[in-house]
Amino acid sequence: MIEVKHLYKSFEDKDVLIDINAVFDTGKCNMIIGKSGSGKTVLLKNLIGLLSPDKGDIIYEGNSLINMSGKNKKLLHRNIGILFQGSALYDFTTVLGNVMFPLDFFSDLSYNEKLARARFCLDRVNIKDSDNKYPSELSGGMQKRVGIARAIALNPKFLFCDEPNSGLDPYTSILIDQLIEEITKEMNITTVINTHDMNSMLEHGDNIYFVKGGTIAWHGDKRSILSSDNAALKEFVCANALARNIIEGQEK
Amino acid sequence: MINKALTTLGSYFIFLKQVFRKPENVRLYLKQFIVEADKLVFSSVLIVAVISLFIGGVLVIQTASNLENPFIDKMYVGYMVRESLILEFCSTMIALILAGKVGSNIASELGSMRITEQIDAMEMMGINSAGFLVRPKILAATILNPLLMMLSFLLGLAGAWLVVKLTGIIRIASFVEGITYCYNGFYIFYSAFKMSLFSFIISSVSAFCGYYAHGGSLGVGRKSTHAIVASSILILLFDLIVTQLMLY
Ligand SMILES: Nc1ncnc2c1ncn2[C@@H]1O[C@H](COP(=O)(O)OP(=O)(O)OP(=O)(O)O)[C@@H](O)[C@H]1O
Ligand SMILES: [Mg+2]
């Protein structure tokens, strides 16, 4: 479980996050949704410690990230898997090399055990026969899947995904979403997903935070999102034709 | 202006401190060292060889044509070619060429890793990205580039010898006498030391430029230009300082 308490972040004189409070539960797909530029990526980067907040705190299973020593932070990072918006695969090494990389650095397993673990992760995301390809030889969807395999290689307790299905066709998006949800439930991890994809929210949003103007404007789950009468949320949701039809149908 | 220069200098040293922090996994750093040695040093052998052969040849013609005076022993042609090669060409000129080749390579590689979040991804795994990515580069260049300088020296002499042989511009015997005349081993050390120092400058400055790139591919391009310009100027500056300190 991750708790966010009174988090503030601004750049120069622009306030991006204002008093954010949220709780992300274990074993659930937690989602941060909002328009482009609303501060989702900034919030995620604060959560994982790539940016430090101006005020407030982030609590990982009872341990405050702000007061954590450098050593404990490193240990925490080994329990965090991240899928970046652009996949961020290492292009100096192959698909297999990418998944082996965290294992090489941090596990005491023998080479064969590491190989087995890497193969298992790649199988899990349905990447086969591509061990020796380089990231530039993969399609966007495959890169995302290899990114997920790398993120789960060390059996993380926390998984962060920044727009896992941006730039993918609807079908591949659904596969990636399903994969993330399955992994979350299987491994019982705390997953936080940034998205503005309506499908993802309606299918997998167990715990949704809607960010607007730097604050949490709405909080709920996939069942309540279409029946909410929060004006800002409605406007955001109705940008999607399907959702608009449903909501208009409800109102009649 | 001065303020900005000092801030940059400060962040450069902070960067170096990060680069030389204790490695998480020595074996992987060693493996990376070999990769970088191949990429940064051994891949430059051909260009260094070609340039040195030609410059050696050109130097001998120029020197011979400047020493037409019958009262000067022709042996001095070989001697002067050797001294120019070892004192300046094989270290400083080769380093300037490497600043272009290796410097832009390092800066653009790290720069594109930065803007595609690969460096962030590494940091988030709890890996000291500056250490893992930069230290093997600096060590490979600093330790191994003096070999390139030796190669350049030998091939420069070979180029000169070849030109003498083919054109008969001076007698081959006096050329050979010249290049063995008054041999000073300290010059080899001086040149190797300069090469090491310049390689450190090239690799660390270019890595610094690339590592903090931002602003997309334009930013990366800008940073690789910075890397080449800054390392070239620093090479010339340190050439002056080191020469004053070591030879005078
Ligand atoms: N390093 C930075 N310096 C200054 N401003 C920044 C920085 N990073 C983000 N911002 C600003 O913070 C705001 C939120 O950006 P953010 O990247 O979090 O948006 P987002 O919700 O992730 O959007 P998208 O859906 O397009 O990815 C933007 O207005 C952006 O200009
Ligand atoms: Mg974003």
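Here the structure is a predicted model, which means the values were calculated and not measured. Proteins get letters first, then strands, A, B, ... in listed order; numbering begins at 1 in each.
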Report task. Check salt bridge (Lys or Arg N to Asp or Glu O under 4.0 Å) between Lys194(B) and all other residues, then give those that pass, not counting sequence neighbours. Result -> Glu88(B), Asp239(B)
Report task. Take atom NZ of Lys22(B) as the centre, draw a 6.0 Å sphere, and report whether it contains more than 12 heavy atoms from other residues, nucleotides or ligands. Result -> no
Query raised in the report: Looking only at heavy atoms, what is the nearest atom pair of Glu117(B) and Ala88(A), with distance?
Result: O-CB, 3.6 Å
Query - Proximity breakdown for Lys45(A) and chain B, heavy-atom pairs closer than 4.5 Å - result: side chain
**Report entry** Met124(B) vs Phe84(A) side-chain heavy atoms within contact, under 4.5 Å
**Finding:** yes
Query raised in the report: Are any non-hydrogen side-chain atoms of Gln118(B) and Leu89(A) less than 4.5 angstrom apart?
Result: no
Query raised in the report: Does a side-chain N-to-carboxylate-O contact under 4.0 Å join Lys74(A) and Glu123(B)?
Result: no
Query raised in the report: Heavy-atom count around Lys185(A) NZ within 6.0 Å, excluding the residue itself: above 12?
Result: yes
Report summary line: Assert top hit (heavy-atom pairs under 4.5 Å, partner chain A, pool Leu28(B), Thr116(B), Val35(B)) equals Leu28(B)
Query raised in the report: Is it the case that more than 12 heavy atoms not belonging to Lys39(B) sit under 6.0 Å from its NZ atom?
Result: yes
Query - Phe106(A) vs Ile127(B) side-chain heavy atoms within contact, under 4.5 Å - result: yes
Report task. Report yes if the side chains of Phe105(A) and Met125(B) come closer than 4.5 Å at any heavy-atom pair, otherwise no. Result -> no
Query raised in the report: Who among Ile80(A), Ile82(A), Asp91(A) has the most heavy-atom pairs with chain B under 4.5 Å?
Result: Asp91(A)
Query raised in the report: Do other residues, nucleotides or ligands put more than 12 heavy atoms under 6.0 Å from Tyr111(A) OH?
Result: no
Requested in this report: Mind checking the CD1-CG spacing from Ile48(A) to Asp120(B)? Nearest 0.5 Å is all I need.
Outcome: 8.0 Å
Query - Of all pairs that satisfy ring-ring contact (aromatic ring centres under 6.0 Å, His included), the ones with a partner from residues 21-59 of chain B, not counting sequence neighbours - result: Tyr29(B)-Phe132(B)
Report task. Kindly check if the number of other-residue, nucleotide or ligand heavy atoms within 6.0 Å of NZ (Lys114(A)) is above 12? Result -> yes
